[in-house]
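As structure tokens, the structure follows; a few thoughts come after it.
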Amino acid sequence: MMSNHSSVTEFYLLGFSGSQELHHVLFAVFFLFYSVTIIGNMVIIVIVCVDKRLQSPMYFFLGHLSALEIMITSLIVPAMLWGLLLHEMQTVSLTACVSQLFLYLALGTTEFALVGAMAVDRYVAVCNPLRYNTIMNSHTCISVVTGSWVFGFLSEIWPVYATFQFTFCKSNVLDHFFCDRGQLLKLSCDDTLFTEFVLFLMAVFIIIGSLAPTIVSYTYIISTILKIPTASGRRKAFSTCASHFTFVVIGYGSCLFLYMKPKQTQAAEYNKIVSLLISVLTPLLNPFIFTLRNDKVKEALRDGVKRGCQLLKG
């Protein structure tokens, strides 16, 4: 149905400018980043599943967050790597472009909802510890995660549908390394102003809607931590939130720059840089943020390495 509204059946991705030698260097760097991202996030998922010390709501959410990071980066980076090896522009069909954009936005929205839920989880753990197990029981956790996934996918159906209702008659060359919405709207001969404004309002609702409980939760968390009389107690309470807070700053910062603008068709180079932060850097940093700043995860990793070495020796 979408092809009836669009004058093109495929798009060409310009990818990155520069010489072939530069492309080979970028390929090596991004391939390394991608490999570390997949391995790091898979390690988190495995230790959360097998280590009994990590059988709590916080790590249940973290396992899903790592799965989302793997999916988001795998949706973008392999195709980007293939484009860096080509001596010509990369071709992508209209169907593949629709699918990629929908999954990218849906997974990103799911991640926002999940990060907001993780902030509330930290609030309950720090500010209401005696009722934590009662409030954050298994039924609540499963409902929150399911709700995040359903909301993420349902909320992006109309935005993607609306994007591909325009007629792309200016060109079929996208100045990007994936099917970016802003660059797609640039190719339209129709008036996209109203749709862009609606998309902006939806981005505000999604990002601020998940950021608001995060801000409120951390306001109460910081207030509670400051009331703890001992320095060691304050450090222990803050250590349970530090990794999540770091992830929030990096993740939300990138997306605020990219999506919360009334005009979706900003400069291509700017768009590529921020997209790299979201699809490459944030998933790469996730394992380091949640392991280096979390004592329980570090202990589980050390024990896992020791058991692995013992099995190899045996």
Side-chain angles (χ1 to χ4, degrees), residues 1-11 13 61 64-65 67-76 79 92-117 142-168 172 174 176-213 251-252 254-256 258-266 271 274-275 278-279 282-283:
M1 184 170 67
M2 289 181 185
S3 59
N4 295 333
H5 294 270
S6 177
S7 57
V8 298
T9 57
E10 63 182 15
F11 294 97
L13 303 178
F61 294 142
H64 280 268
L65 182 64
L68 281 165
E69 297 289 26
I70 289 173
M71 285 185 271
I72 290 171
T73 196
S74 295
L75 188 66
I76 304 298
V92 58
S93 68
L94 178 64
T95 303
C97 196
V98 173
S99 302
Q100 187 184 49
L101 180 61
F102 173 71
L103 289 172
Y104 179 72
L105 294 174
L107 292 170
T109 303
T110 302
E111 186 171 294
F112 276 127
L114 189 60
V115 169
I142 293 170
S143 298
V144 166
V145 167
T146 303
S148 297
W149 282 91
V150 171
F151 172 73
F153 277 75
L154 290 182
S155 64
E156 293 300 338
I157 292 174
W158 183 86
V160 174
Y161 174 80
T163 300
F164 287 94
Q165 290 305 292
F166 293 116
T167 304
F168 303 113
N172 64 341
L174 287 170
H176 216 292
F177 52 81
F178 78 105
C179 287
D180 175 69
R181 183 168 63 195
Q183 298 307 306
L184 283 165
L185 293 174
K186 274 187 175 181
L187 304 182
S188 175
C189 294
D190 305 321
D191 183 7
T192 63
L193 190 61
F194 176 74
T195 299
E196 287 187 58
F197 181 67
V198 174
L199 293 174
F200 164 71
L201 292 179
M202 291 187 70
V204 170
F205 172 76
I206 291 168
I207 295 176
I208 299 300
S210 59
L211 186 58
Y252 278 97
S254 302
C255 290
L256 285 170
L258 186 60
Y259 294 115
M260 284 193 56
K261 291 192 171 187
K263 192 71 175 171
Q264 295 282 309
T265 54
Q266 56 260 35
N271 218 333
V274 182
S275 295
I278 296 170
S279 58
T282 305

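- Contact check for His176 versus Leu13: no side-chain heavy atoms found under the 4.5 Å cut-off.
- One finds the CD atom of Glu10 at 11.0 Å from the OG1 atom of Thr95 (value rounded to the nearest 0.5 Å).
- Not counting sequence neighbours, the partners of Ala79 by the side chain to side chain contact (heavy atoms under 4.5 Å, CB included) test are Gln90.
- When side chains are defined from C-beta on, Ser279 does not count as touching Phe178, because their heavy atoms never get closer than 4.5 Å.
- Thr73 contributes no side-chain N or O that, together with a main-chain N or O of Glu69, makes up a donor-acceptor pair within less than 3.5 Å.
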(request) Take Ile157 and Phe102 through the side chain to side chain contact (heavy atoms under 4.5 Å, CB included) test and state the conclusion after the steps. (result) CA-CA 7 Å; Ile157 292 174; Phe102 173 71; 3.9 Å; yes
N/O donor-acceptor pairs under 3.5 Å from side chains in residues 147-156, not counting sequence neighbours:
residue: Ser148; atom: OG; partner: Val144; partner atom: O; Å: 2.9
residue: Ser155; atom: OG; partner: Phe151; partner atom: O; Å: 2.8
residue: Ser155; atom: OG; partner: Gly152; partner atom: O; Å: 3.2
residue: Glu156; atom: OE2; partner: Thr109; partner atom: OG1; Å: 2.8

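- Atom CD1 in Ile70 sits 12.0 Å away from atom CG in Leu107 (nearest 0.5 Å).
- Contacts of Phe61 classified as ring pair (Phe, Tyr, Trp, His ring centres under 6.0 Å), with partners at least two apart in sequence or in another chain: none.
- From Leu103, atom CG reaches atom SG of Cys179 across 11.5 Å, with rounding to the nearest 0.5 Å.
- Taking each heavy atom of Thr195 and Ala162 in turn, the nearest pair found is CG2-CB, 4.2 Å.
- Residue Glu111 comes nearest to Leu65 through the heavy atom pair CG-CD1, 3.6 Å, listed as atom of the first residue, atom of the second, then distance.
- Between Val204 and the choices Ile206, Ile208, Ile207, the side chain to side chain contact (heavy atoms under 4.5 Å, CB included) rule is met once, by Ile208.
- The distance from the CG atom of Asn172 to the CG atom of Leu184 is 11.0 Å, given to the nearest 0.5 Å.
- In this structure, Arg181 and Leu199 have side chains that are in contact, with non-hydrogen atoms separated by less than 4.5 Å.
- Pairing each heavy atom of Thr163 with each of Leu101, the nearest pair is CG2-CD2, 4.4 Å.
- Evaluation of the side-chain hydrogen bond (donor to acceptor under 3.5 Å, both in side chains) rule for Ser74 yields Tyr34 as partners, not counting sequence neighbours.
- Closest non-hydrogen pair, Tyr104 versus Leu75, comes out as N-CD2, 3.2 Å.
- With rounding to the nearest 0.5 Å, the separation of CG in Leu187 from OG1 in Thr167 is 12.0 Å.
- The side chain to side chain contact (heavy atoms under 4.5 Å, CB included) check on Ala96 picks up Val92, Ser93, with sequence neighbours excluded.
- Take Ser188 and apply the side chain to side chain contact (heavy atoms under 4.5 Å, CB included) test, not counting sequence neighbours, and it matches Phe166, Phe168, Asp190, Thr192.
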